[in-house]
There are 2 protein chains.
Amino acid sequence: MSVRKMVSRKSICDTAMQIIQDDGVGALSMRTLATKLGIKAPSLYDHVKSRDEVIALVQGASLLNFGDGFANAGPTSRDKILFYRAWALANPNLYPIVFQEKLHRDLLPDGLEQKVLGVVVAAAGGSHVQARAMWAQLHGLVDLELQGRFPNDADLDLTWEHAILSLEAAKKAHLA
Amino acid sequence: MSVRKMVSRKSICDTAMQIIQDDGVGALSMRTLATKLGIKAPSLYDHVKSRDEVIALVQGASLLNFGDGFANAGPTSRDKILFYRAWALANPNLYPIVFQEKLHRDLLPDGLEQKVLGVVVAAAGGSHVQARAMWAQLHGLVDLELQGRFPNDADLDLTWEHAILSLEAAKKAHLA
DNA sequence: ACCTGAACACCGTTCAAGT
DNA sequence: ACCTGAACACCGTTCAAGT
């Protein structure tokens, strides 16, 4: 008579992601998550080891989503950089989970981290050192912007354009 | 007969800072903080409005400490940059509170934020755009390093040297 | 295998009561 | 003014018990 529950790791991940998207990580409790899935909190532990594992699932799904978008963004490093910012601004509550939470590497789809890092290195011109500096530049800009650390009257578009030019110059200098 | 308690906003700030330094923000609860001060948790609310205000106090004290150090570091932008990293690595649990937590501007010592931003802008050669890009570069490198996001075999000293060269080149280009 | 209610040891915060 | 115990509405997690 009653509808089958059909709770799964996938449905847990999807629901958790939606909660985080809508109201931030702070809104994700085992009780609210369970309620949204139509079960009670303790039942979650039949599908998942801990709240940390739920976060890890969201991390994997979001990193996959980001990685695909980054790889499929336009071919120039400018395209990649602008995509990075756009993805972060479109997913402000997911961004910190992907790029600030400790990576739960054991739970990530196999080779996913490598794949994403590979595309970033490629966008940086193949140098690991240059890729790390570039990633840090983008991450720093996004993080400070999301946290509202820049003055209200700061022209962030201009700041990004400046960073793009600097990164391209650094790439050239590094290759030379 | 018994010793005077002498709990004050200053002692609350100092004790909170010590807890955070030692065991991270996660270890700071109103109950543990109160216990360390020799009182009970509800009594804290006679000195402080909320846990957030405690965080704000720590934020102010830490920003002051950072700002002084940054201003007194060697005169070259290289000196400032290396100080930034050194301060972060020496205060890994305080760094996120100063540079990631929402700034509680109403509770900060007057003009403190301006003063620190001023020194950063000076180190960047006077340009606000260049200063923001530089700050973001340093913040990104520190954050990714503290979070262990770079591969274990990554040569971070080299990455920082690369970033320093890039920033100096960008500064020159921007001035030209 | 999957779900439940009850419980444990925590939170931040409020409040009436004491001095 | 400063401190207390008791309480409220939350946490994550465990566990015995049901199906």
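Letters A, B, ... are given to chains in the order of the sequence lines, protein chains preceding strands, and every chain is numbered from 1. Computation of the quantities below employed the complete heavy-atom set of this structure, encompassing side-chain atoms and omitting hydrogens, waters and symmetry-equivalent molecules.
To the nearest angstrom, P of dA7(D) lies 14 Å from CZ of Arg31(B). The interatomic distance linking Met30(A) (CE) with dC3(C) (C1') rounds to 14 Å, in whole Å. At whole-Å resolution of the value, CG in Leu28(A) and P in dC10(D) are 16 Å apart. Straight-line distance from the CD1 atom of Ile39(B) to the C1' atom of dT4(D): 11 Å, rounded to whole Å. Distance Leu37(A) CG to dC2(C) P: 14 Å, rounded to the nearest Å.
Residue pairs meeting the ring pair (Phe, Tyr, Trp, His ring centres under 6.0 Å) criterion with at least one partner in residues 25-52 of chain B, sequence neighbours excluded, are absent. Pairs of residues two or more places apart, or lying in two chains, that qualify as salt bridge (charged side-chain N to carboxylate O under 4.0 Å, His left out) and include a residue from residues 14-42 of chain B are Lys10(B)-Asp14(B). For residues 131-149 of chain A, the set of pairs meeting the salt bridge (charged side-chain N to carboxylate O under 4.0 Å, His left out) definition, not counting sequence neighbours, comprises Arg85(A)-Glu145(A).
For DNA chain D, none of the residues of residues 9-22 of chain B falls under the heavy-atom distance limit of 4.0 Å. Of all the residues in residues 42-57 of chain B, Pro42(B), Tyr45(B), Ser50(B), Arg51(B) reach under 4.0 Å from DNA chain C with at least one non-hydrogen atom.
Applying the side-chain hydrogen bond (donor to acceptor under 3.5 Å, both in side chains) test to Lys49(B) and every residue at least two apart in sequence or in another chain returns nothing. Leu57(B) meets the side chain to side chain contact (heavy atoms under 4.5 Å, CB included) test with Arg9(B), Cys13(B), Val48(B); sequence neighbours excluded. For Gln130(A), the side-chain hydrogen bond (donor to acceptor under 3.5 Å, both in side chains) partners are His162(B), not counting sequence neighbours. Residues passing the side-chain hydrogen bond (donor to acceptor under 3.5 Å, both in side chains) test with Thr35(B): none are found, sequence neighbours excluded. Judged as a side-chain hydrogen bond (donor to acceptor under 3.5 Å, both in side chains), and not counting sequence neighbours, Glu101(A) has no contacts.
Of the candidates dC3(C), dT4(D), dT13(C), dT4(D) carries the atom nearest the Lys40(B) side chain, counting heavy atoms from C-beta on. In the set dT13(C), dC11(D), dG12(C), the nucleotide with an atom closest to the side chain of Ala41(B) is dT13(C).
Between Phe99(A) and Phe66(A), the distance from one ring center to the other falls under 6.0 angstrom.
The other residues sharing a hydrophobic cluster with Val129(A) are Leu158(B), where clustering joins ILVMFWY side chains under 4.5 Å apart.
A salt bridge links Asp68(B) to Lys115(B): at least one charged side-chain nitrogen sits closer than 4.0 Å to a carboxylate oxygen.
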Legend entry - Dot-bracket notation for DNA chain D, counting Watson-Crick and G-U pairs under 3.5 Å, with | for partners on another strand: ||.|||||...|||||.||

